[in-house]
Amino acid sequence: MKLKTVLLSTGAMLGAAAAFAESHGNMADSMTLVSWGGAYQSSQTNAYSEPYKAQNPGLEVVWDESSNEAVAKLRAMNEAGNITWDLVDVVASDAIRLCDEGLALEIDHDEWLAPAPDGTPASEDFGDLIVSDCFIPQIVYSTTAGYRTDMVGDTPPTSICAMFDTETYPGKRSLEKRPINNMEWALLCDGVAKEDVYDVLETDEGQARAFAKLDTIKDDVIWWSAGADTPQLLADGEVVMGTTYNGRLFSVIEEQKQPVAMLWDAQVFDLDGWIVPAGLPADRLARVKDFLRFATDTQRLADQAKYISYGPARASSAPLVDKHATLGIDMAPHMPTDPANATNTFLYNYEWWADYRDDLDAKFQAWLAK
C-alpha cells in the first residue's frame with residue numbers, strides 16, 4: 001500500500017488525540033501487560049511502555065511473561081470472574097480462539113487506533129494482518145532455526161531437514177514443546193509438499209506420520225517453552241541447532257556475538273499482537289485504549305524494530321525502519337521478510353490451528369509422555 005502524499009496537519013493530529021483522550025474519562029493508574037519476556041518484551045518496553053510512562057507520570061506498568069499460557073489462564077480468570085490482566089500479547093491463532101470464546105473484546109480498529117500520518121485509517125494501514133475482530137497486530141515474525149557454526153563441520157546446514165539428520169549433524173537439538181511448527185516441519189522433511197501439509201495433518205494418518213518422523217530425533221531433543229531457551233542453549237554449546245523466534249537468534253548472533261548462524265529455510269511466518277480481555281472495568285479499559293492508541297501508531301511500531309528484527313505490522317511503519325538503537329546496524333536485512341531471507345518460507349495457517357490446536361496439544365503431550 002502506497003502512502004498518500006498529503007499529510008494531516010500536526011494540529012489536526014494533536015486535536016484528534018486530545019479528543020480521544022478526553023472521551024476516556026477516568027483512567028486507571030496501573031496496567032498489567034502480558035508478553036513473552038526476553039528480547040521481545042524488552043523491545044516493547046523500550047518502544048512502547050517507557051515512552052508512554054514518560055507522558056503519564058505516576059502510572060505503574062507491570063509486565064507478566066505468561067503469553068505462552070494466555071489461553072488457559074484467561075479461561076481460568078473468566079471462570080473465576082477475576083480478570084487481572086489488562087492487555088495480552090498473543091499469536092494470531094490464539095487471538096482467534098480467544099475471540100471465538102468471548103474471552104477477548106471485539107474492537108473497532110479505526111475508532112481505537114490512530115490513523116497513519118497521511119490519514120489512512122488504521123484498518124487499511126494494518127490491512128489483511130487484522131485476522132480477527134479482537135486482534136491488534138504488532139509484528140510479523142518467524143520461527144526459524146539457528147546452529148552453532150563451530151559444531152557443524154565443513155558443511156553448514158542449508159535445510160530445515162538438517163534437524164532430522166543426526167548422522168551428518170550429531171548432537172542435541174532444541175524444539176518448542178508444542179505441536180505447532182514441529183508437525184509441519186516433520187511432514188515437510190518426510191516428503192510432503194508444502195501446499196499439502198495441512199491437508200495431510202488433518203487426518204489421523206497424517207498426524208501419525210508427523211509423530212513418527214519426530215520419533216526419529218525424540219531422544220536427541222531438548223524441549224523449550226520460553227523463547228530465550230534456545231539462544232541460551234546455543235550460547236552454552238549444549239545443542240548443535242535449535243528453533244526459536246528470529247528476533248531471539250538476532251540477539252544471540254548480533255548482540256552477544258556468539259558463534260551462531262541463522263537457518264532461514266522453511267521459516268514459519270506468523271503474526272503477533274494485542275488482545276484486550278473481555279470484562280475489564282471502565283477505568284482499566286479507558287487506560288488500555290489510551291495506551292493502545294499510542295503504542296500501535298506508525299512511529300511506535302517502527303521504533304520497536306530498532307531493538308529487535310521483527311517487521312512492523314503497519315504498512316506506514318515499514319519505511320521508517322532504520323538502524324538498531326545501540327548496534328547501529330541496518331535492520332532491514334535482518335527482517336524475516338527481507339527477500340534474501342524469504343526464498344523458502346512456510347506460511348503458518350493460524351485459522352487451521354485455531355480449529356485443531358486443543359486436540360493436537362493433547363495428542364502432542366501424550367506423545368511426549370511415552
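These numbers were taken from a predicted model, which means no experiment stands behind them.
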**Request:** Would you mind telling me which of Tyr141, Phe269, Tyr310 makes a ring-ring contact (aromatic ring centres under 6.0 Å, His included) with Tyr245?
**Result:** Tyr141
Say you draw a straight line from [atom1] of [X] to [atom2] of [Y]; how long is it, rounded to the nearest 0.5 Å?
X      : Y      : atom1 : atom2 : value
Leu263 : Thr158 : CG    : OG1   : 7.5 Å
Met151 : Tyr169 : CE    : OH    : 13.0 Å
Leu187 : Asn182 : CG    : CG    : 11.0 Å
Ile160 : Leu188 : CD1   : CG    : 9.0 Å
Ile96  : Ile275 : CD1   : CD1   : 12.5 Å

Does atom [atom1] of [X] have more than 12 heavy-atom neighbours from other groups under 6.0 Å away?
X      : atom1 : result
Asp236 : CG    : yes
Lys363 : NZ    : yes
Glu79  : CD    : no
Gln365 : CD    : yes

**Request:** Please say whether the positively charged group of Lys213, taken as NZ for Lys or CZ for Arg, lies over the ring of Phe164, i.e. under 6.0 angstrom from the six-membered ring centre and within 45 degrees of the axis.
**Result:** yes
**Request:** Please say whether the positively charged group of Arg300, taken as NZ for Lys or CZ for Arg, lies over the ring of Phe294, i.e. under 6.0 angstrom from the six-membered ring centre and within 45 degrees of the axis.
**Result:** yes
**Asked** Same cluster or not: are Leu301 and Trp36 linked, directly or through other Ile, Leu, Val, Met, Phe, Trp or Tyr residues, by side-chain heavy atoms under 4.5 angstrom apart?
**Response** no
Would [X] and [Y] count as having a side-chain donor-acceptor pair, cut-off 3.5 Å?
X      : Y      : value
Thr120 : Glu124 : no
Asn46  : Lys306 : no
Asp110 : Ser123 : yes

**Request:** For the pair Gln304 and Ser43, evaluate side chain to side chain donor-acceptor pair (under 3.5 Å) and give the outcome as yes or no after the intermediate values.
**Result:** CA-CA 6 Å; Gln304 187 180 7; Ser43 74; 3.0 Å; yes
**Request:** Just do the side chain to side chain donor-acceptor pair (under 3.5 Å) check on Ser142 and Gln267 with the steps written out, would you?
**Result:** CA-CA 6 Å; Ser142 74; Gln267 60 165 322; 2.6 Å; yes
Are the side chain of [X] and the backbone of [Y] linked by a donor-acceptor contact shorter than 3.5 Å?
X      : Y      : value
Thr244 : Gly227 : yes
Thr203 : Val200 : yes
Asp64  : Trp85  : no
Asp94  : Val71  : no
Ser159 : Cys161 : yes
Arg173 : Met163 : yes

So do [Y] and [X] actually touch side chain to side chain, heavy atoms under 4.5 Å?
X      : Y      : answer
Leu175 : Ile217 : yes
Thr143 : Asp270 : no
Val197 : Met183 : no
Tyr48  : Leu33  : no
Leu103 : Arg75  : yes
Ile130 : His109 : yes
Glu106 : Cys99  : yes

**Prompt:** Does the side chain to side chain donor-acceptor pair (under 3.5 Å) test come out yes or no for Asn68 and Ser225, once each step is laid out?
**Reply:** CA-CA 8 Å; Asn68 63 326; Ser225 297; 5.2 Å; no
**Message:** Could you check whether Asp86 pairs with Arg284 (Lys NZ or Arg NE/NH1/NH2 to Asp/Glu carboxylate O, under 4.0 Å)?
**Reply:** yes
Between [X] and [Y], does the ring centroid distance fall short of 6.0 Å?
X      : Y      : answer
Tyr147 : Trp264 : no
Tyr198 : Phe346 : yes
Phe291 : Tyr52  : yes

**Message:** Could you walk me through whether Trp367 and Gln207 satisfy the side chain to side chain donor-acceptor pair (under 3.5 Å) test, starting with their C-alpha distance in whole Å, then the side-chain angles of each, then the deciding distance to 0.1 Å, before giving a yes or no?
**Reply:** CA-CA 11 Å; Trp367 171 78; Gln207 292 168 21; over 6 Å; no
**Heavy-atom closest pair, residues Ser174 and Thr230** = OG-OG1, 2.8 Å
**Fill in**
Applied to residues 325-334, the side-chain hydrogen bond (donor to acceptor under 3.5 Å, both in side chains) test, sequence neighbours excluded, yields His324-Thr326
